[in-house]
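Step one of this worksheet: look at the structure below.
Every chain is numbered from 1 and lettered A, B, ... according to where its sequence line falls, protein lines coming before strand lines.
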Amino acid sequence: MSDKPISTPSNFIRHIIDEDLKNGKNGGQVLTRFPPEPNGYLHIGHAKSICLNFGVARDYQGQCNLRFDDTNPHKENLEFVEAIQADVKWLGFDWGGKPFYASDYFEQLYGFAMELIDKGLAYICDLNAEQTREYRGTLTEPGKNSPYRERSIEENRDLFQRMRAGEFADGAKVLRARIDMASPNINLRDPTLYRIRHGVIHHQTGSEWCLYPMYDFTHPISDALEGVTHSLCTLEFEDHRPLYDWVLDNISIPCHPQQIEFSRLNLQYTVMSKRKLTRLVEEGIVEGWDDPRMPTIAGLRRRGYTPAAIREFCDRIGVTKSDNSIEMAILESCIREDLDAHAPRAMAVLHPLKVVLSNYPEDKTEMLSAANHPKDEAMGSRQLPFSRELYIDRADFMEVAPNKKFKRLVLGGEVRLRNAYVIRCDEVIKDNAGEPIELRCSVDMDTLGANPEGRKVKGVIHWVSAQHGIRAELRLYDRLFTVPHPDSDKSVTDFVELLNPQALRTLTDCILEPGLAKAAEGSRYQFEREGYFCFDAKASRADLPVFNLVVGLKDSWAKIEQQD
RNA sequence: UGGGGCGUAGCCAAGCGGUAAGGCAACGGGUUUUGAUCCCGUCAUGCCCAGGUUCGAAUCCUGGCGCCCCAGCCA
């Protein structure tokens, strides 16, 4: 995937930019921004926005600013600020130097607010939150003017200065835009511009301010101050665009970015709302923001996803204004494509079943050469120890074949050991419950790198030498929820009831080929015939390495099994 | 009968008046020491519905229908 030629996606936003460039708008410049609020970790939905904003900037020789929209210190903190930068960087994007902060503009914002006051376009309102709501009206009824709407400019100036000076309690007063309480667009019914917040330490400005600007006021001005040309955001802000434009039209600022909205990502079988993700973390339902079950960038990274796969995903899903519901299969296809090309192969036995080769010498160990990749010789090969006692997977043996399509090992039958010999099962040893616990097999020593004489052996199974294999824990992941749309599911009152109890299955007695003992942090392998796995250094112990399942291999046998 | 937005295959998505790209999924078949990969093939007489304009409409017009978003001193 990283060696795939770069294809530039086409979408309606790029069409608009093409048109703007053609018309000489913005002096031929393109400047975008990615403006996360540092109140949580980034998720795959943010990745869509990141790829869009940084991708556009890259393809038009422009620039994309990383800007923290940090106007609500109550919910924000430094951990999130740092995690967000790490994630954007990991995804492969660069914002050239220092990130921007909306809080860098607090002083200028205050000045622009004063300008609105001076123009009679903003006023101090003493209504409390509940009263404000009542005065706002409803979706179908107009609101009514606040009794404080006609305060004099002088009084408004004075009050606003005193608000900044800390003379008033939280909620006692707000600064409001003076627009139109009867507007059919509720965002224009004298929206709040500033609120008072005492006693919170802002991660950037400390306790310098007790006055914090609202998004609708901060965002357009921050964009304009940075010289943003195209301000890309999600569809729910479409109703806010008239307000975005109103702010810039009514203050003395030379730049007026164009806001363009696109639809947010909806990925099936997971949730994207930060409120819900935060809850999963805070209630300990998952192990943290980087839990491999989470749709966060940190979670996907720990799971074993690559930046290239996530970028490819964002290219494949496109950018439009239509509602969407993306199937997990697309994400999975992207990571399989990348890992199939780039992950070295290895053998791992998930559910060990002992095999004793009765005609193989007890004290013998031979080293067999195995290619690290079936199609990429440059990836080299490794030596695998082979000895009298091996482990194979329980699923690869059945005493009697369940159907004619079963081509693994059966009693009296033959199978190829991957990268090694053909063996025949002569005897099954079972426990009291009748479960096979050991197989006695004979090995055909003429079948190393050669087909046996006069017969066809179709099945190939993986194995690990019992004496040399290392024990490991494998964590098998599945979708986080049991339903495709946990956000809109009406069958439960609380979405956590829809969590998939099988989203994590831990196997603690797996046996890996010995070379895997020196896996590097975050390194990915294909465990042949099973799936792609990623070494989890954070979860591993010295005596028990842990690997996370990134995604399973496509499994046409599972389909056949289901049909029977 | 408040405002805004969106309807092209199971899921995404091109298409911009000239006769429905592509991807994912699915389904056949071939190769294979991974039931993987890879390769070949199939998959919308039709674009939410109904009218209209036009030689010609997914694209233009009219009228319906459906879905999403908005009543934080969150973003």
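- Spacing between C60(B) and G5(B) at atom P, rounded to whole Å, works out to 16 Å.
- Residue contacts for His74(A): at a heavy-atom cut-off of 4.0 Å it reaches no nucleic acid atom on any strand shown.
- Nucleic acid contact class of Thr320(A) (heavy atoms, under 4.0 Å, all strands): sugar-phosphate only.
- Look at the P atom in both C61(B) and U1(B): the space between them is 25 Å, to the nearest Å.
- Contacts of Tyr194(A) with the nucleic acid, taken as non-hydrogen atoms under 4.0 Å apart, are absent.
- One P atom belongs to C55(B), the other to C49(B), and the distance between them is 24 Å to the nearest Å.
- Counting atom types as modelled, Asp555(A) pairs no side-chain N or O with a base atom of G35(B) as donor and acceptor under 3.5 Å.
- At a threshold of 4.0 angstrom between heavy atoms, the contacts of Ala329(A) are confined to the sugar-phosphate backbone, with no base atom among them.
- Nucleic acid contact class of Asp170(A) (heavy atoms, under 4.0 Å, all strands): none.
- When ring centroids are compared, Tyr194(A) and Tyr212(A) stay outside the 6.0 Å threshold.
- Using Watson-Crick or G-U wobble geometry with both donor-acceptor distances under 3.5 Å, C6(B) finds its partner in G66(B).
- Among the heavy atoms of the strands lying under 4.0 Å from Asn419(A) is at least one base atom, whether or not backbone atoms are also near.
- Base orientation of G5(B): anti, since the glycosidic angle falls outside 90° of 0.
- You'll find that the side chain of Lys559(A) is closest to C27(B), out of C24(B), C27(B), U34(B).
- Ion pairing between Lys144(A) and Glu134(A) fails under the 4.0 Å rule for side-chain N and carboxylate O.
- Partner assigned to A26(B) is U42(B), using Watson-Crick or G-U wobble distances below 3.5 angstrom.
- Taking atom C1' on both A26(B) and A44(B), the two are 15 Å apart, rounded to the nearest angstrom.
- When the P atom is used for both C40(B) and G22(B), the distance is 13 Å, rounded to whole Å.
- Residues Phe237(A) and Tyr244(A) place their aromatic rings such that the two centres sit no closer than 6.0 Å.
- Side-chain to base pairing of Arg345(A) with U34(B): one donor and one acceptor N or O lie within less than 3.5 Å of each other.
- Ring centers of Phe160(A) and Tyr110(A): under 6.0 Å apart, within the cut-off.
- Residue Leu139(A) is classed as a base contact, given a heavy-atom separation below 4.0 Å to a base.
- Within 4.0 Å of Ile326(A), counting heavy atoms only, lie sugar-phosphate atoms of the nucleic acid but no base atom.
- Look at Glu238(A) and Lys321(A) and you find a salt bridge, because one of the NZ, NE, NH1 or NH2 atoms lies within 4.0 Å of a carboxylate O, short of that distance.
- The base of G5(B) is not paired with the side chain of Glu261(A) by any donor and acceptor separated by under 3.5 Å.
- Here the nucleotide nearest the side chain of Asp323(A), chosen from C73(B), G5(B), A25(B), is G5(B).
- Listed nucleotides: G72(B), C69(B), C70(B). Nearest to the side chain of Asn187(A): C70(B).
- Out of C38(B), C6(B), G5(B), the shortest distance to the side chain of Ser322(A) is found at C6(B).
- Looking at heavy-atom distances under 4.0 Å, Lys405(A) makes contact with a base.
- In the set A25(B), G4(B), C69(B), C69(B) carries the atom at the smallest distance from any side-chain atom of Glu236(A).
- Scanning atom types as modelled, no donor and acceptor separated by under 3.5 angstrom connect the side chain of Arg529(A) and the base of U34(B).
- With C6(B), C73(B), G35(B) as the choices, the nucleotide that has an atom nearest any side-chain atom of Lys321(A) turns out to be C6(B).
- Rounded to a whole angstrom, the distance from the P atom of G29(B) to that of G46(B) is 29 Å.
- The aromatic ring centroids of Phe481(A) and Tyr269(A) lie 6.0 Å or more from each other.
- Comparing G2(B), U33(B), A75(B) by their closest approach to the side chain of Arg418(A) singles out U33(B).
- As judged by a 4.0 angstrom heavy-atom cut-off over every strand, Arg136(A) is placed among residues touching the sugar-phosphate backbone only.
- Looking at heavy-atom distances under 4.0 Å, His462(A) makes no contact with the nucleic acid at all.
- The Asn324(A) side chain lies nearest to C12(B) when the options are A36(B), C12(B), G15(B).
- Rounded to whole Å, the P atom of C43(B) lies 14 Å from the corresponding atom of A20(B).
- For Lys407(A), whose side chain is taken as the heavy atoms from C-beta onward, the closest listed nucleotide among G35(B), C70(B), C24(B) is G35(B).
- Nucleic acid contact class of Met214(A) (heavy atoms, under 4.0 Å, all strands): sugar-phosphate only.
- Pairing for G72(B) is absent, with no Watson-Crick or G-U wobble pair whose two atom distances lie under 3.5 Å.
- Of the C1' atoms belonging to C12(B) and C47(B), the separation is 15 Å, rounded to the nearest Å.
- At the heavy-atom level, Gly449(A) lies under 4.0 Å from base atoms of the strands shown.
- When each of Asp239(A) and Arg133(A) is assigned the nucleotide of RNA chain B with its nearest heavy atom, Asp239(A) is the one assigned upstream, toward the 5' end.
- Salt bridge Arg149(A)/Asp190(A): present, at least one basic N to carboxylate O contact under 4.0 Å.
- The aromatic rings of Phe80(A) and Tyr41(A) stand perpendicular to each other, their planes meeting at an angle above 60°, with 30° marking the opposite boundary.
- Comparing atom distances between the Gln526(A) side chain and each of A75(B), U34(B), G35(B) picks out U34(B) as nearest.
- Among the protein residues, Ala420(A) comes within range of the nucleic acid bases, having at least one heavy atom under 4.0 Å from a base atom.
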